[in-house]
Amino acid sequence: MTLKIYNTLTRAKEPFVPLEEGKVGMYVCGITAYDVCHIGHARSAVVFDVIYRYFKYRGFAVTYVKNFTDVDDKIIERARREGVDIAEIAARYIRKHNEDMDALGLVRPTVTPRATDNIKGMIRLVERLLEKGLAYTVDGDVFYSVERFEGYGKLSGRLLDEMMAGARIEVDTKKRNPYDFVLWKSAKEGEPWWESPWGRGRPGWHIECSVMSQRYLGETFDIHGGGEDLIFPHHENEIAQSEGATGKPFARYWIHNGFVKINSEKMSKSLGNIFTVQDVLKQFHPEVVRLFILQTHYRSIIDFSEEALKEARSALERVYATLLAVDERIGGKDEFDEMTEQNLSGRHKDFFHRLQALQGRFVEAMDDDFNTARAIGYIFETLRQMNVYLDETAGDGSSRHLFVLYRARSIFHQLGKVLGLFLEDPVEYFRRERARELQKRNIDSDVIEGLIEERARARAERDWSRADEIRESLREKGILLKDGPGGTTWMIQ
RNA sequence: GGCGGCAUAGCCAAGUGGCCAAGGCAGCGGUCUGCAAAACCGUUAUUCCCCGGUUCGAAUCCGGGUGCCGCCUCCA
């Protein structure tokens, strides 16, 4: 089976053939550290996290590089406003970024380089571009001359001539072509600077990615990723810089994730509809957020709303409810060495085969341009079969039955590990979710317990109207009671 | 103006030439229950925006139309 990837560069799904067999080099544009991460960052991060995990699942040795931009106009602006050093701003938002990403259950990349640790490399690259006549200097600024690079526009699929026709372009008399971009920017008074052959200044936006990708992955590498908004101009410019300097192909496969909309509107500061990762994670379990993201193909637009998150939560709860049932059935037993498929028959064997089929279908879906939506569909299909199997085998304590359940659980964990889902202990999952909901609603569990006791007394006296009254009053607060043989338990809707 | 994307059930969303058009949410029916809820099971699109065309056969390819959206400016 071949893994296929949609390559923005060719606008087609292509079989993935790594540069070096069994290895993948992957560079993803990280954040500019000037503000907290929002749900759009979360989507991109989760998507590439899953791609990273899937490559590893498929047995590749992956080098995953994700950079931090820690010098930039927006950082400088923020530092000025707060009256602190840019390093402080960058450090603060890198820290917050890491907290958010850890909370979302992301695997840390192999390397997370920072722009300011690579200034020398950037200067060398700019010098190389000047030597090749692809760049020019004006008053301490260095610009890339897009007209001198033949392939300019190949990633975004636009031609310089066409763009010039209608675009709004700021008048910058220093540039020879409006689409020339700055490689090195001279420092104004009060701005951070580094010494360079062109005087004190700082790097332009795009140059860091050319330098850091090359440093960790080589001049040509397998995969470059980021949000679709980065296609132009950022990634286009990276190609111009890197290929212009080396004369070799830059990234071979370009992967771009789609945008997040908020309640059907574009997320933007002016609309004030930016949801930060922190806010969302206060409301929802990280796996709910991941499931929400991964239920849509990564290249499609996804519409974020509280409603959509709630739907994802309902779906995730079903998985944990089943895993809980499986855990309860299995108990602590985990020795099934003597069991094999040959010991199975009937419905045990049938379900066992379905489990094995799931693995194959999962890989087939993921191989098709990381189709997590389809893969998750297969998982839910198997989940239903698992519930049927659990029903049919109620009361069965045989070791062949427990063996099948044990395998089911481990397959769910194995596939879940690729998606970053279903990894919590089910008991712990429900405990945490209940606590989260109580806190959100500011309800004290002692009060609930008290009412339940009162209702238990009423029920013992067959005072159904009083019992129903209590149930109803709790239901109004979103507390649902469940009467079971061991007493009454409750949950939050 | 240029480039590109999308349109599939009440909602979300897979599917890009051929088994009954995945899956999730919601709804409905059932199991269970003092009644419920939760959970579970079952069920919900003769049809894939419209009109033509290609084909033995199309949601899937081609042409036209309509609607929505993104990028071209910092942006994941």
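Everything quoted here is computed from the prediction, not taken from an experiment. Every chain is numbered from 1, with letters handed out A, B, ... down the list of sequences.
- Atom pair I262(A):CD1 and C69(B):P shows a separation of 16 Å (rounding to whole Å applied).
- Residue-level contact check: I379(A) touches neither bases nor backbone, having no heavy atom under 4.0 Å from any strand.
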| field | Heavy-atom protein contacts under 4.0 Å, nucleotides 33-39 of chain B, coded B base, S sugar-phosphate only, - none | value | -BBBBB-
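- Remark: E428(A) does not engage R432(A) in a salt bridge, criterion side-chain N to carboxylate O under 4.0 Å.
- Counted by atom type alone, D369(A) and Y298(A) present one or more donor-acceptor pairs between their side chains at under 3.5 Å.
- Geometrically, R318(A) does not engage F380(A) in a cation-pi contact, judged by NZ or CZ lying under 6.0 Å from the ring centre and within 45° of the ring axis.
- The partner of A22(B) is absent, by the rule that a Watson-Crick or G-U pair needs both atom distances under 3.5 Å.
- Taking atom P on both A26(B) and C40(B), the two are 10 Å apart, rounded to the nearest angstrom.
- In this structure the side chain of F275(A) never reaches within 4.5 angstrom of the side chain of H38(A), judged on heavy atoms.
- Taking only side-chain nitrogens and oxygens, R384(A) comes nearer than 4.0 Å to OP1 or OP2 of G23(B).
- Rounded to whole angstrom, the span from the NZ atom of K261(A) across to the P atom of C68(B) amounts to 12 Å.
- Across every strand in view, G1(B) sits in a pair with C72(B) that passes the Watson-Crick or G-U test at under 3.5 angstrom.
- Between R441(A) and E437(A) there is a salt bridge, with a side-chain nitrogen of the basic residue lying less than 4.0 Å from a carboxylate oxygen of the acidic one.
- Comparing A38(B) with A76(B), their C1' atoms sit 39 Å apart, to the nearest whole Å.
- For the P atom pair drawn from C35(B) and A21(B), the interatomic distance equals 40 Å after rounding to whole Å.
- Applying the Watson-Crick and G-U wobble criteria (two distances, each under 3.5 Å), U47(B) pairs with nothing in any strand.
- Remark: H206(A) engages F181(A), H234(A) in a ring-ring contact (aromatic ring centres under 6.0 Å, His included) (not counting sequence neighbours).
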| message | Test ring-ring contact (aromatic ring centres under 6.0 Å, His included) on F221(A) and F250(A); report intermediate values, then the result. | response | CA-CA 6 Å; F221(A) 57 93; F250(A) 184 45; 5.1 Å; yes
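- As rounded to the nearest Å, U8(B) and A45(B) have C1' atoms that lie 8 Å from one another.
- Distance noted for atom P between C6(B) and G10(B): 23 Å (whole Å).
- The CG atom of L294(A) sits 14 Å away from the C1' atom of G23(B) (whole-angstrom rounding).
- Across all strands shown, C61(B) forms a Watson-Crick or G-U wobble pair, both distances under 3.5 Å, with G53(B).
- Here the P atom of nucleotide G24(B) and the CG atom of L419(A) are 16 Å apart, to the nearest Å.
- Using a 4.0 Å cut-off between charged nitrogen and carboxylate oxygen, D100(A) and R95(A) do not count as a salt-bridge pair.
- Atom CZ of F181(A) is separated from atom P of C72(B) by 16 Å (rounded to the nearest Å).
- OP1 or OP2 of C71(B) sits under 4.0 Å from a side-chain N or O of K266(A).
- One can place CG of L383(A) at 8 Å from P of C40(B), the figure rounded to the nearest angstrom.
- Searching all strands for a Watson-Crick or G-U wobble partner of G17(B) with both distances below 3.5 Å returns nothing.
- Ionic pairing of D350(A) and R347(A) is not present here: no N-O contact between side-chain nitrogen and carboxylate oxygen is shorter than 4.0 angstrom.
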| Intermediate values then yes/no, ring-ring contact (aromatic ring centres under 6.0 Å, His included), F430(A) and H285(A) | CA-CA 10 Å; F430(A) 286 112; H285(A) 190 285; over 10 Å; no
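- With C1' as the reference atom, U44(B) and C25(B) are 13 Å apart, rounded to whole Å.
- Between the P atom of C71(B) and the NE2 atom of H235(A) lies a distance of 16 Å, rounded to the nearest Å.
- Each of K310(A) and R43(A) was matched to the nucleotide of RNA chain B holding its nearest heavy atom; the match closer to the 5' end belongs to K310(A).
- Among the heavy atoms of the strands lying under 4.0 Å from V260(A) is at least one base atom, whether or not backbone atoms are also near.
- In this structure, K74(A) places its NZ atom 11 Å from C1' of U73(B), rounding to the nearest Å.
- Put simply, the residue from L421(A), L383(A), L423(A) that forms a side chain to side chain contact (heavy atoms under 4.5 Å, CB included) with F412(A) is L383(A).
- Projected onto RNA chain B by closest heavy-atom contact, G40(A) and L316(A) fall at different nucleotides, the more 5' of which corresponds to L316(A).
- For E287(A) and R313(A), the salt-bridge test fails: no basic side-chain N is under 4.0 Å from an acidic carboxylate O.
- Within the 4.0 Å cut-off from OP1 or OP2 of C74(B), not a single side-chain nitrogen or oxygen of Y34(A) is found.
- Base pairing analysis places C6(B) opposite G67(B); the two distances defining the Watson-Crick or G-U wobble pair are each below 3.5 Å.
- Taking a pair to require two hydrogen-bonding distances under 3.5 Å in either a Watson-Crick or a G-U wobble arrangement, G29(B) pairs with C41(B).
- Comparing the P positions of C50(B) and U60(B) gives an interatomic distance of 10 Å, to the nearest angstrom.
- Checking A76(B), C72(B), G24(B) against every side-chain atom of N257(A), the shortest atom distance belongs to A76(B).
- Comparing the C1' positions of C62(B) and G29(B) gives a spacing of 45 Å, expressed to the nearest Å.
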| message | Output one letter per nucleotide in nucleotides 3-22 of chain B: B when a protein non-hydrogen atom lies under 4.0 Å from the base, S when only the sugar-phosphate is that close, - when neither is. | response | S---------SSS------B
